[in-house]
Undergrad: 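The structure follows.
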Amino acid sequence: MNPSTPSCRSPQSCIGSLCLYDVQLPSTTLAREVVLRFQAQSHLPGVLLVSGSQLVGVLSRQIFFEQSCLAAGPLGWEQPIEDLMPSHGEPPLVVGDRTPILEVATQIRQRPSRVAFDPIAVTFRDGSLRMVDARDVLMAQSEIGGSPEQQIIEYDLALANLQSRLDEQAIV
């Protein structure tokens with residue numbers, strides 16, 4: 001996990017500057033091992049499922065417990081985590097480490113609600129993978145000053161206000 005520095009975020013800040021988690025598990029890992037990982041790391045938003053060095057999926061903490069506890073029943077802990085992946089077919093959100101935070105926040109808002117807050121896989125140039133909590137991305141977005149759409153609206157309002165004052169001065 002990398003420490004984040006929230007006080008120096010700008011509209012150009014990239015996703016790689018956020019708090020990242022390096023939790024890659026083979027997709028054949030038994031669910032009980034994931035439970036132990038979540039118990040030991042209560043802040044962990046999920047796990048990256050890999051086969052070799054390839055990303056297979058992202059399993060959020062919430063979906064993991066819903067699938068293993070509710071759907072799988074008492075034998076859920078003895079299943080490979082790949083069997084607990086949700087069947088909605090929505091691919092994980094995967095972004096490069098140099099993707100701007102504001103761009104990732106926009107992508108989060110465009111996802112279906114059932115997966116909007118799933119952790120996001122972050123790829124690095126060297127091929128390594130990390131994970132970031134979608135909530136951390138949205139918090140960073142609010143630190144930066146809102147969505148790009150909101151920034152455009154605020155810019156247009158400021159421009160209109162300036163034009164109005166210039167028009168008033170021209171009349172006087």
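Since we're looking at a predicted model, the values are computed, not measured.
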Undergrad: Tell me the closest heavy-atom pair linking Val58 and Ala121, and the distance in Å.
TA: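 Answer, listing the atom of Val58 first, then Ala121: CG2-CB, 4.2 Å.
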Undergrad: Taking the side chain as every heavy atom from C-beta outward, state whether Val50 and Leu25 have any pair of such atoms under 4.5 Å apart.
TA: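 When only atoms from C-beta onward are counted, Leu25 and Val50 do not touch, as no gap falls below 4.5 Å.
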Undergrad: Without swapping roles, check the side chain of Arg98 against the backbone of Cys14 for a donor-acceptor pair under 3.5 Å.
TA: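 Flag not set: sc Arg98 to bb Cys14 has no pair under 3.5 Å.
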Undergrad: Could you tell me whether the side chain of Gln141 reaches within less than 4.5 Å of the side chain of Leu102, counting heavy atoms only?
TA: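 In short, these two side chains touch, coming nearer than 4.5 Å.
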Undergrad: First locate atom CE of Met131, then atom CG of Asp118, and finally report the distance between them rounded to the nearest 0.5 Å.
TA: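 The distance works out to 11.0 Å.
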Undergrad: Indicate the atoms forming the closest heavy-atom contact of Arg125 with Asp97, along with that distance.
TA: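 That would be N-OD1, 4.2 Å.
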Undergrad: Flag the pair Leu49 / Leu55 as yes when at least one side-chain heavy-atom distance between them is below 4.5 Å, and no otherwise.
TA: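 Of all side-chain heavy-atom pairs linking Leu55 with Leu49, none is under 4.5 Å.
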Undergrad: Please round to the nearest 0.5 Å and tell me the distance separating atom CD1 of Ile108 and atom CZ of Arg111.
TA: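 The CZ atom of Arg111 is 8.5 Å from CD1 of Ile108, to the nearest 0.5 Å.
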Undergrad: What's the separation between atom CD1 in Ile15 and atom CD1 in Ile101, rounded to the nearest 0.5 Å?
TA: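 Those atoms lie 5.5 Å apart.
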Undergrad: Applying the 4.5 Å side-chain criterion to the ILVMFWY set and letting contacts propagate, would Met139 and Ile144 be lumped into a single cluster?
TA: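 In one cluster: no.
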Undergrad: Should Phe117 and Leu138 be marked as a side-chain contact (heavy atoms from CB on, under 4.5 Å) after you check the CA-CA gap, both sets of side-chain angles, and the distance that decides it?
TA: CA-CA 10 Å; Phe117 294 110; Leu138 297 174; 3.5 Å; yes
Undergrad: On a heavy-atom basis, which atom in Ala116 and which in Ala134 lie closest, and how many Å separate them?
TA: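 Minimum heavy-atom separation between Ala116 and Ala134: O-CB, 3.8 Å.
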Undergrad: Are Gln12 and Pro100 packed together at the side-chain level, in the sense that at least one heavy-atom pair is separated by less than 4.5 angstrom?
TA: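 SC-SC contact between Gln12 and Pro100 ruled out.
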Undergrad: Side-chain contact, heavy-atom cut-off 4.5 Å: Val56 with Glu82?
TA: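 With C-beta onward as the side chain, the pair stays apart.
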Undergrad: Any idea which heavy atoms bring Arg61 and Ser42 closest together, and the distance?
TA: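 Taking Arg61 first and Ser42 second, the nearest heavy atoms are NH1-O, 3.5 Å.
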Undergrad: Identify whether NZ of Lys or CZ of Arg in Arg130 sits under 6.0 Å from the centre of the six-membered ring of Tyr21 and within 45° of that ring's axis.
TA: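 No; the conditions do not both hold, so Arg130 does not lie above the ring face of Tyr21.
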Undergrad: Is Phe65 reachable from Leu30 through a run of I, L, V, M, F, W or Y residues, each pair having side-chain heavy atoms under 4.5 Å apart?
TA: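 No.
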Undergrad: Do the side chains of Arg37 and Val23 get nearer than 4.5 Å, heavy atoms only?
TA: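 Side chain of Val23 against side chain of Arg37, heavy atoms only: contact under 4.5 Å found.
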Undergrad: Calculate, to the nearest 0.5 Å, the distance between atoms SG and NE2 belonging to Cys19 and His43 respectively.
TA: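 Spacing of SG (Cys19) from NE2 (His43) equals 7.0 Å.
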Undergrad: Is there a side-chain contact between Phe64 and Val35 in this structure, where contact means two heavy atoms from C-beta onward sitting under 4.5 Å apart?
TA: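 SC-SC contact between Phe64 and Val35 confirmed.
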Undergrad: Please check if the side chain of Gln24 supplies one atom and the backbone of Leu129 the other of a donor-acceptor pair under 3.5 Å.
TA: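 Pair found, side chain donor or acceptor close to backbone of Leu129.
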Undergrad: Between Pro119 and Pro45, which heavy-atom pair has the shortest distance, and what is it?
TA: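 Heavy atoms of Pro119 and Pro45 come nearest at CG-O, 3.4 Å.
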Undergrad: Are the side chains of Leu36 and Gln41 in touch, meaning some heavy atoms are under 4.5 Å apart?
TA: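 With C-beta onward as the side chain, the pair stays apart.
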Undergrad: When rounded to the nearest 0.5 angstrom, what is the spacing between CD1 in Ile120 and OG in Ser60?
TA: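 These two atoms lie 12.0 Å from each other.
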Undergrad: For a quick test of reading the model, state the closest non-hydrogen atom pair linking Thr28 to Pro80 and the distance between them.
TA: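 Taking every non-hydrogen atom into account, O-CB, 3.8 Å.
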